[in-house]
Amino acid sequence: MRHLLSAADLSRETAIALLDSAEVMAETADRPHKKLPALRGRTIVNLFFEDSTRTRISFEAAQKRLSADVINFAAKGSSVSKGESLKDTAQTLTAMGVDAVVIRHGSSGAPHLLANRGWIDVPVVNAGDGTHEHPTQALLDAFTLRRRVYGHDSRCRGLDGLRVAIVGDVSHSRVARSNAWLLTTLGATVTLVGPPTLLPHDRSAFPVNFATNLDDVLRESPDAVMMLRIQKERMHSAFFPNEREFGLTWGLTAERFAAMSPHTLVMHPGPMNRGLEICSVAADSPQSTILDQVANGVFVRMAVMFAVLTGNEDV
Amino acid sequence: MNSVVAFVGAILPSGEIADIVVRDGLVESLSPGAAPADAEVVDASGLRVLPGLVDLHTHLREPGFEASETVLSGTQAAAAGGFTTVFAMANTDPVADNAGVVEEVWQRGVDAGYATVRPIGAVTRGLEGETLSDIAGMANSRAQVRVFSDDGKCVFDPLVMRRALEYVSTFDGVVAQHAQEPRLTVGSQMHEGAVSARLGLTGWPAVAEESIIARDVLLAEYTGSRLHVCHLSTERSVEIIRAAKARGIRVTAEVTPHHLLLTDESAQGYDARFKVNPPLRSESDVLAVRAGLADGTIDIVATDHAPHPSESKECEWGDAAFGMVGLETALSVVQLTMVESGLMTWNDVARTMSTTPAQIGGISDVAGQIAVGRIADLTFIDENARRQFSVASLTGKSSNSPYVGRELPGRIVHTMRHGYFTVRNGVVVDTEVVAASVRNHGRKAQHNG
């Protein structure tokens, strides 16, 4: 795998190979010495144009466990407001001898430009671009689901037959987009749920179901329900009347959680708005995978960094 | 240079063969036969001749954005594309909202000599959409402005739009509207559809264009004034214009070459050369605007030539500027989409790219026709040529063309403006030579009285 830009680009074989590689990485976490020498001598820059403590630390932990040298570059706001173009920034950093770039950017498509415009010639990993995609998040979600369902018998498996509901601000969610592609590729059936104002106007591009009534979806006992974070700025743009109504209608409230099948897993990419899209009872329940997702994020990102930097054709 | 030129064996838009004799800037004769003895004979056999093309929608960027284009470089690009007249949009800095700016732009066009530059005046002061600009001042200036537009921005306030339509009718003017409902397009990046949903780019819904056009044709009917719709891009926009014309409303509409050819699928690689406003639409919209142009619902093709420096395009899609250059490729794209598809004849091309734009712009007395006694603005093309379009093919200052890397049909062989060459044998004539021709022509015109 040369780059990881989009979950939509991943074949089933590649996705399963990455998840299996993440299983290998996970085994090392139980050892007294967690560090592997795999990427010793390689330098990776984490190019974060958007605030993200969790994702950046997860990538950094993954890179350090593989013994890579890590440079963190944080520039809030767009490249324009910063006064240097994305092209110049990327070229400047790679001129210093960087072997791979991990990029988080507020503009959809920024990782594609780095990978495909001939500006730089190193592997690029998308750590979240605008409202487009967040492929490592989808990989860690798939990994988490697979482990919860198949335990230590996970390897070589997809997610065939599983039903997953993804709920909330779908339109603006790169997590929802990446999961819609990846979980479907792995054989799951995905339903995107939210108010019509927060679902895409033209839904024909996605190989998934759409629904507006969360209770109907939950009554069918999906294997997992993934609650999306609702951004504060949505409150003021006529997407829904107010927080309370949104929470009551599309949030995982205590009442909804109590009525829900005890076998339905509760997922959230974090950070959570407790009491808005998800209640604490659900978030802290045994059905919740939320902390597993965080832990698994490191293993999945180790697998991704290893794949792009070793140029493994199978992965 | 000889001031009498005879183009022998040219194919008129109708298909008839003509020997075109040009003397002192005017067409002297069209009938086949011996060229006058004093004429410089140019073999035009096999070449199609069109009345010099007229672009009702060009951004020349001067004053204010000379890094992107100037009156000189933009009119050179125009000549290279077969245009002899361009209407220069008002969104310069300072804005063309008063007689001073439009006269300056007009004068620079005269001095450069590559094309007749007709400035468009802003509808509202500073393009702010609030108070009317110095409309009478511009109409009565040497630039004789007849087309008014806030292009780039929509005249959104319905009261301001009504007043503008009423007011410009004093001078037989026309309001050219950039139809974009601003509230429905906050942060919009590309056509709202399946592709924008997949790419995670904020959608620019078709209804944001259609709702303004619907409102404006009703205002035009109510006021009895003349409305022109810029760069119409959607299927239902065509239907609205068709219905308005059936009601006898005085509305005209333009489509750009890029909306005749390209779709929103072009955005897939996030290459900002394909970022334009209004955005590239769906396949069904492309087919609808072609049909609308073919049946006369859409009156003209206009380029919306919008040069931008490379740094405004070599960046993230969300930060990139809207717009693409189009003067040098317009005729090729029309040939490809309309002529080679069998939807239009060359007569229709002459009508939609010269005669009718000249009428809408109020200059049909001096442009838009090949006829004896008329000013010799002529475009000769080799319609059988094929060319690989590259950055090197561009004459203007900017290279934000969506056609770089594409093969295009047709090639401009000669462009003649006011009886002198601006392009000869496919090469843009040297700046000094054209400037000398202008001075020479000016003396003759005076002498002819």
Side-chain angles (χ1 to χ4, degrees), chain A residues 5-8 49 77-91 103 105-119 126 128-134 170-178 180-181 192 199-208 210 233 237-238, chain B residues 181-208 210 234-235 263-275 279 281-285 308-322 391 399-400 404-405:
Chain A
L5 305 177
S6 155
F49 290 95
S78 76
S79 53
V80 168
S81 65
K82 191 165 55 70
E84 187 183 51
S85 73
L86 176 63
K87 180 181 174 180
D88 287 339
T89 303
Q91 289 185 332
I103 177 173
H105 201 292
S107 226
S108 299
H112 280 76
L113 298 182
L114 287 193
N116 299 325
R117 294 305 295 278
W119 299 345
N126 181 0
D129 62 327
T131 54
H132 176 228
E133 282 224 35
H134 192 356
V170 170
S171 272
H172 302 93
S173 175
R174 51 197 176 207
V175 175
R177 271 182 187 73
S178 285
W181 295 111
L192 299 176
L199 296 176
H201 178 261
D202 186 328
R203 299 163 191 176
S204 59
F206 298 99
V208 301
F210 286 89
E233 61 260 34
S237 304
Chain B
E181 222 292 352
R183 292 289 298 148
L184 287 172
T185 50
V186 174
S188 293
Q189 294 293 330
M190 68 172 293
H191 173 62
E192 182 165 271
V195 183
S196 68
R198 195 168 76 231
L199 296 182
L201 291 171
T202 307
W204 197 129
V207 70
E210 295 147 1
T234 83
E235 187 173 0
T263 68
D264 58 346
E265 291 286 344
S266 309
Q268 292 221 49
Y270 296 96
D271 182 344
R273 280 187 303 143
F274 298 99
K275 180 174 174 178
R281 301 287 186 185
S282 70
E283 187 71 34
S284 65
D285 292 312
H308 288 289
S310 65
E311 57 269 24
S312 299
K313 288 291 189 181
E314 281 274 278
C315 63
E316 301 89 308
W317 184 283
D319 291 329
F322 288 98
V391 171
S399 58
N400 53 308
V404 167

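Below, chains carry the letters A, B, ... as their sequence lines are ordered, and counting in each starts from 1. Nothing here was measured: the structure is a model prediction, and the numbers come from that model.
A:Arg117 touches chain B through its side chain: at least one heavy atom from C-beta onward sits under 4.5 Å away, while N, CA, C and O do not. Both the backbone and the side chain of B:Glu314 have a heavy atom closer than 4.5 Å to some heavy atom of chain A. In this structure, chain B has a heavy atom under 4.5 Å from the side chain of A:Ser107, while its backbone stays farther away.
With hydrogens and angles disregarded, a donor-acceptor distance shorter than 3.5 Å links the side chain of B:Ser266 to the backbone of B:Thr263. In this structure, the side chain of A:Ser108 engages the main chain of A:Thr131 through a donor-acceptor pair within 3.5 Å. Side chain of B:Lys313 to main chain of B:Arg273: no donor-acceptor pair is present (N/O by atom type, distance under 3.5 Å, no hydrogens or angles).
Chain B forms more heavy-atom pairs under 4.5 Å with one residue of A:His112, A:Arg203, A:Arg174, A:Glu133 than with any other, namely A:His112. With respect to chain B, the highest number of heavy-atom pairs below 4.5 Å among A:Lys87, A:Arg177, A:His172, A:His201 belongs to A:Arg177. Counting heavy-atom pairs under 4.5 Å between each of B:Ala272, B:Gly193, B:Gly318 and chain A puts B:Gly193 at the top. Most heavy-atom pairs under 4.5 Å with chain B, from the set A:Gly109, A:Ser171, A:Ala205, A:Ser237: that is A:Gly109.
With A:Trp119 as the fixed residue, the side-chain contact (heavy atoms from CB on, under 4.5 Å) test singles out one of A:Asp88, A:Leu86, A:Thr89: A:Leu86. Checking B:His308, B:Met190, B:Gln189 one by one against B:Lys275, the side-chain contact (heavy atoms from CB on, under 4.5 Å) holds for a single residue, B:Gln189.
In this structure, the side chains of B:Trp204 and B:Arg281 come closer than 4.5 Å at one or more pairs of heavy atoms.
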